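First the structure, in the form of structure tokens, and then the observations on it.
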Amino acid sequence: VGLGGRLDATNALPAPVVCAITLIDLDHVAILGDTHTLIAREKAGILKRGVPGVVFAEQPPEALQAIQEVAHRVGAPLFIASPSPLS
């Protein structure tokens with residue numbers, strides 16, 4: 001729907017069932033920021049108090065740390081999904 005994160009149109013949902021954050025990479029740097037940390041903070045803007053968040057495990061370490069900090073600050077339980085092969 002958009003770039004994802006704090007300013008995304010999907011963030012208009014007042015009470016989602018879950019919030020998911022995919023791999024953080026250096027995309028849209030002119031809008032989201034020019035580091036993994038800045039982009040991760042923007043993407044973590046979808047997290048809401050009491051709503052479970054799921055994040056892909058293989059994030060750049062600084063991105064995962066930023067997402068965890070935002071989750072803690074807003075009171076969102078955060079789950080880290082490990083990749084597993086489909087069988």
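From a predicted model like this one, the values you see are computed outputs, not experimental measurements.
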Residues that V17 engages under side chain to side chain contact (heavy atoms under 4.5 Å, CB included), provided they are two or more places apart: none
Residues that T35 engages under side chain to side chain contact (heavy atoms under 4.5 Å, CB included), provided they are two or more places apart: T37, L38
Listed once per pair and sorted, the side-chain hydrogen bond (donor to acceptor under 3.5 Å, both in side chains) pairs that draw on residues 44-60, sequence neighbours left out: N11-K48
With a cut-off of 3.5 Å and sequence neighbours excluded, list every side-chain donor-acceptor pair involving residues 65-83.
from, atom 1, to, atom 2, distance (Å)
Q65, NE2, E69, OE2, 3.1

Which heavy atom of I39 sits nearest a heavy atom of I24, and at what distance? CG2-CG2, 3.8 Å
Kindly give the cluster partners of L23, where membership spreads through any ILVMFWY side chain lying under 4.5 Å from a current member. F56
